[in-house]
Amino acid sequence: MRKTWRKNIYSCLIVWMAGASVYAQTTDLYVPLEIQRAYQRGTRTITGKPGPNYWQNRSDYTISAELNPATRTLRGQETVVYTNNSPDTLRQLVIRLYPDIFKKGNARDKAVNPDDINNGVNISQLSINGTSIDLEKASNKLVAANTHRVSRAGTNLSISLNSTIQGIPSPMNASILPKGTLRLQVTWDYVIPKETHIREGAYGENTFFVAYWYPQIAVYDDIDDWDTMDYTGTQEFYNDFSNFNVEVKVPNGFLVWATGVWQNAKEVLTPNYLNRYQTATQSAEVVHVVTEEDLKKGGITVNKPQNSWRYQATDVPDFAFATSNRYLWDATSAITNAEKGSRTTVGAVYDPTTKDFYEVARYGQKSIEFLSTQMPGIPFPYPNLTVFNGSGGMEFPMMVNDGSFPSPEQAAEVTAHEIAHTYFPFYMGINERKYAWMDEGWAQFLPNEATFTTTASTTDTFTVQNMNAPYLAYFAGKEMEMPMMIPSNLLHGGAYAFATYFRPAMAYATLQELLGKEKFKTVLQEYMHRWHGKHPIPYDFFFSFNDVAKEDLSWFWKPWFFESGYPDLAIKEVSAGKQTNITILRKGRLPVPIRLKITFADGTQELLSETARVWSAGAKEFVFTKKFGKTIQQIKLGDATVADVNLKDNVYEEKK
């Protein structure tokens, strides 16, 4: 045994050393061992492209759910066909039970209302490939060896698939062979939280946003194998791409909005409202599908005790829905590809008492058109999107849950941000549990130059996402600021927010400027095309940009993404003679652009600037040399788009 152990260790060392030498020759970035193994196995490449052996698994869900608004109870039955495209034989199945975050005794990142704590998801029936599993017996460690073993902890349910007796496969063996499938059937129910809103919940009487709600098969990938991370409230998406066929049953008078394409509108809406809805799908103007007067009159849905709403979605990472019998409904459509005539239906559903949601359908329309044509300039990939007036701001495929905000600017900002998430993490299957900056940072950056008007009739415009630099300057360099490459699940509070939203957003903006807008857009689009419908990791992003931009950007990646540091430039010295020399000192580690506004004695001004590329060789100083022919009165360094932790040394005044 000892000789075999030594032989295996030596073999592993040889493989590791061979891999390490490859990375030493191709990148100056630190690459963790499990990611090195992915390159060695050929699932990923150092050019940033998916490797020849890249694979990912998938699930197909058929779900029937019924909501009882009076008790807030959601009951469901689902059949999942899981396909193993990996080269591995899977001897375990990991199922996520997200509502167990409210289960008594489970860990949570934030306190919840005591009234919402319960016994978690009740599973009344579970079977694998037609064989029923008694969860109570299967959890007993003394259970017979030919029974599936089950472990339920946190928000995960793990099931052993290959029980054996003395090495002989049991009759219930359900291990999933490479290219094999497994059929999972589950019947479950749980109570939707009333007071605590962690991405879902009840919003007043008879109004619900339902998310993270169905038993979901976790991701098995080429980096970590099974994703067994608990859901404690902060973590968001990491899902395989799946097909969904979902039926939602609600009482008469309730409307349902959901992920996917609505299959039976004609069976549910009465003719007047069906006509309004169909008109909105082709309209550039906002159509009031359901008004406050309509709610008072009733008769919006066909007169049945219960209506079934059916939705289908293809190749999406998740499914969410909302329902209410008291919300208003606006809808319009956005042109996403003028050449093909493609449109996305955009809806807003909201409490009649809200003050900001009356313009949200239009904000959504303008956001989708901007994202489709400007940045990232890839046509919006979904046929519809609905923004629901709930709480906070949270994205789902074709659904958004947004709270109300006191100003139009804030309402537009959160609308644009959450819709931008359609590209990251949905168009790109980001693991934001570990790399939240790969999606939150992009959603914080992409709408940077989108402009809106307060109302459809005014010409006064405003832009969104204009606080990234001030927010970063406030937190950067503090003890609790963490580098972005620290896995997101290890970060909390302000450290999480700044590492996932504001620092990456500023990094992307800085990168866009130094590459130039057109080149940046070309490189970004190629990265997105390479990894559309797949699971990119940070190195796929870094190496794709290096590959397409035709330059090693390690000098930029390291300080912004891997290291601690802050942005801080200063005016070190101004010397005048036949020409003026203005010396800029880089006091902070982060490479940022230089902006100078020079005011002359005659009141005129001149702007000078350089991109962050001036720091690519590690220089600590940069000198502007120019003959102005005028007397300088003041030099001001920086502007509202460049973060700087210390502004006291950013102004030079000519001595009188």
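- Under the side chain to side chain donor-acceptor pair (under 3.5 Å) criterion, the residue pairs touching residues 488-510 are E440-Y501, W442-Y508, E481-R503, with sequence neighbours excluded.
- Ring centroids of H197 and F209 are separated by 6.0 Å or more, keeping the two rings apart.
- The closest side-chain heavy-atom distance from M528 to I378 is below 4.5 Å.
- Side-chain contact annotation: T207 with Y327, donor-acceptor N/O pair under 3.5 Å absent.
- Neither side chain, S342 nor N337, offers a donor N or O lying under 3.5 Å from an acceptor on the other.
- Between the side chains of D330 and Y358, no donor-acceptor pair is found at a separation under 3.5 Å.
- For the pair V387/V349, no side-chain contact is recorded, criterion being any heavy-atom separation below 4.5 Å from C-beta on.
- For the pair D356 and V360, the tightest heavy-atom approach, listed with the atom from each and the gap, is O-CG2, 3.7 Å.
- Side-chain contact check for W262 and N264: at least one donor-acceptor pair (N or O, by modelled atom type) lies under 3.5 Å.
- Two rings, from F237 and F426, have their centers less than 6.0 Å apart.
- One side chain, S308 or E247, offers a donor N or O that lies under 3.5 Å from an acceptor on the other.
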Report task. Kindly determine whether E66 and Q77 satisfy side chain to side chain contact (heavy atoms under 4.5 Å, CB included), including the steps that lead there. Result -> CA-CA 9 Å; E66 181 176 352; Q77 295 178 318; over 6 Å; no

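- In this structure, the side chains of V302 and N307 come closer than 4.5 Å at one or more pairs of heavy atoms.
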Requested in this report: In sequence, state the C-alpha distance, the side-chain angles, and the governing distance for T196 and D116, and then conclude on side chain to side chain donor-acceptor pair (under 3.5 Å).
Outcome: CA-CA 7 Å; T196 308; D116 289 328; 2.8 Å; yes

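- For residues 360-382, the set of pairs meeting the ring pair (Phe, Tyr, Trp, His ring centres under 6.0 Å) definition, not counting sequence neighbours, comprises Y363-F452.
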Requested in this report: Check the pair S333 / Q365 against side chain to side chain contact (heavy atoms under 4.5 Å, CB included), numbers first and verdict last.
Outcome: CA-CA 6 Å; S333 68; Q365 175 195 53; 5.6 Å; no

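- Between E359 and A456 the shortest heavy-atom distance is OE1-N, 3.8 Å.
- Here N106 contributes atom CG and I117 contributes atom CD1; the two are 10.0 Å apart, rounded to the nearest 0.5 Å.
- In this structure, a donor-acceptor pair under 3.5 Å is absent between the side chains of E432 and Q235.
- Judged by distance alone, the side chains of E369 and S372 never bring a donor and an acceptor atom under 3.5 Å apart.
- Side-chain contact between K266 and Q278: present, with at least one pair of heavy atoms (C-beta onward) separated by less than 4.5 Å.
- Looking at T455 and R362, their side chains never bring a donor and an acceptor atom within 3.5 Å of each other.
- Rounded to the nearest 0.5 Å, atoms CD (Q374) and OG1 (T451) are 9.5 Å apart.
- Ring geometry for F502 versus F498: interplanar angle of 30 to 60°, hence tilted.
- The minimum heavy-atom distance linking Y423 with P379 is given by the pair OH-C, 3.7 Å.
- Expressed to the nearest 0.5 Å, how far CE of M398 lies from OG1 of T259 amounts to 6.0 Å.
- T386 has its side chain out of reach of V400: every pair of non-hydrogen atoms, C-beta onward, lies at least 4.5 Å apart.
- At a cut-off of 3.5 Å, with distance as the only test, no side-chain donor of D351 or N389 sits close to an acceptor on the other residue.
- In this structure, the separation between CG on L371 and NZ on K366 is 13.5 Å, given to the nearest 0.5 Å.
- Closest of all the heavy-atom pairs between Y273 and D294 is OH-OD1, 3.1 Å.
- Q216 and R96 are linked by a side-chain donor-acceptor pair at a separation below 3.5 angstrom, with hydrogens and angles left out of the test.
- The pair R58-D315 meets the salt-bridge criterion, since a charged nitrogen lies less than 4.0 angstrom from a carboxylate oxygen.
- Taking the six-membered ring for Trp and the full ring otherwise, the centers of F254 and W309 sit at least 6.0 Å from each other.
- Side chains of F102 and D100 form no contact here, defined as non-hydrogen atoms less than 4.5 Å apart.
- Defined by atom type and a distance below 3.5 Å, a donor-acceptor pair is present between the side-chain atoms of D639 and T641.
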Report task. Run the numbers on K517 and E449 for salt bridge (charged side-chain N to carboxylate O under 4.0 Å, His left out), then give the verdict. Result -> CA-CA 12 Å; K517 284 189 176 181; E449 297 181 6; 2.7 Å; yes

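- Residues T422 and Y427 form no side-chain contact, since every pair of their non-hydrogen atoms from C-beta on lies 4.5 Å or further apart.
- The aromatic rings of F319 and F321 lie tilted to each other, with the angle between the two planes from 30° to 60°.
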Query raised in the report: Hey, mind stepping through D227 and R433 against salt bridge (charged side-chain N to carboxylate O under 4.0 Å, His left out) and telling me if it holds?
Result: CA-CA 10 Å; D227 172 24; R433 291 174 156 218; 3.1 Å; yes

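- Within the 4.5 Å cutoff, the side chain of H535 has heavy atoms near those of the Y238 side chain.
- When each of F424, F445, F561, W560 is checked for a ring-ring contact (aromatic ring centres under 6.0 Å, His included) with W437, only F561 meets the rule.
- Counted by atom type alone, R343 and T281 present zero donor-acceptor pairs between their side chains at under 3.5 Å.
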Query raised in the report: Would R530 and M428 count as a side chain to side chain contact (heavy atoms under 4.5 Å, CB included) if you check the C-alpha gap in whole Å, the side-chain angles of each, and the deciding distance to 0.1 Å?
Result: CA-CA 9 Å; R530 289 178 176 187; M428 319 272 286; over 6 Å; no

**Report entry** Pair Y203-S391, side chain to side chain donor-acceptor pair (under 3.5 Å): steps then yes or no
**Finding:** CA-CA 8 Å; Y203 294 92; S391 62; 2.8 Å; yes

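- Counted by atom type alone, T301 and N252 present one or more donor-acceptor pairs between their side chains at under 3.5 Å.
- The structure places CH2 of W329 at 6.0 Å from OH of Y277, a figure rounded to the nearest 0.5 Å.
- For D230 and R108, the salt-bridge test fails: no basic side-chain N is under 4.0 Å from an acidic carboxylate O.
- Of the N and O atoms on the side chains of T62 and D60, not one donor lies less than 3.5 Å from an acceptor on the other residue.
- Atom CG of residue L74 and atom OG1 of residue T323 lie 11.0 Å apart, to the nearest 0.5 angstrom.
- With sequence neighbours excluded, the residues satisfying side-chain hydrogen bond (donor to acceptor under 3.5 Å, both in side chains) with D109 are T232, T234.
- There is a side-chain donor-acceptor pair under 3.5 Å between D318 and Y214.
- Panel note: side chain D540, backbone I537; a donor-acceptor pair is recorded below 3.5 Å.
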Query - Criterion side chain to side chain contact (heavy atoms under 4.5 Å, CB included) on V80 and I217, from CA distance to verdict - result: CA-CA 8 Å; V80 192; I217 297 182; 3.8 Å; yes

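- Ring-centre distance between Y527 and F541: below the 6.0 Å cut-off.
- The heavy-atom pair separating A313 from V316 by the smallest distance is CB-CG2, 3.7 Å.
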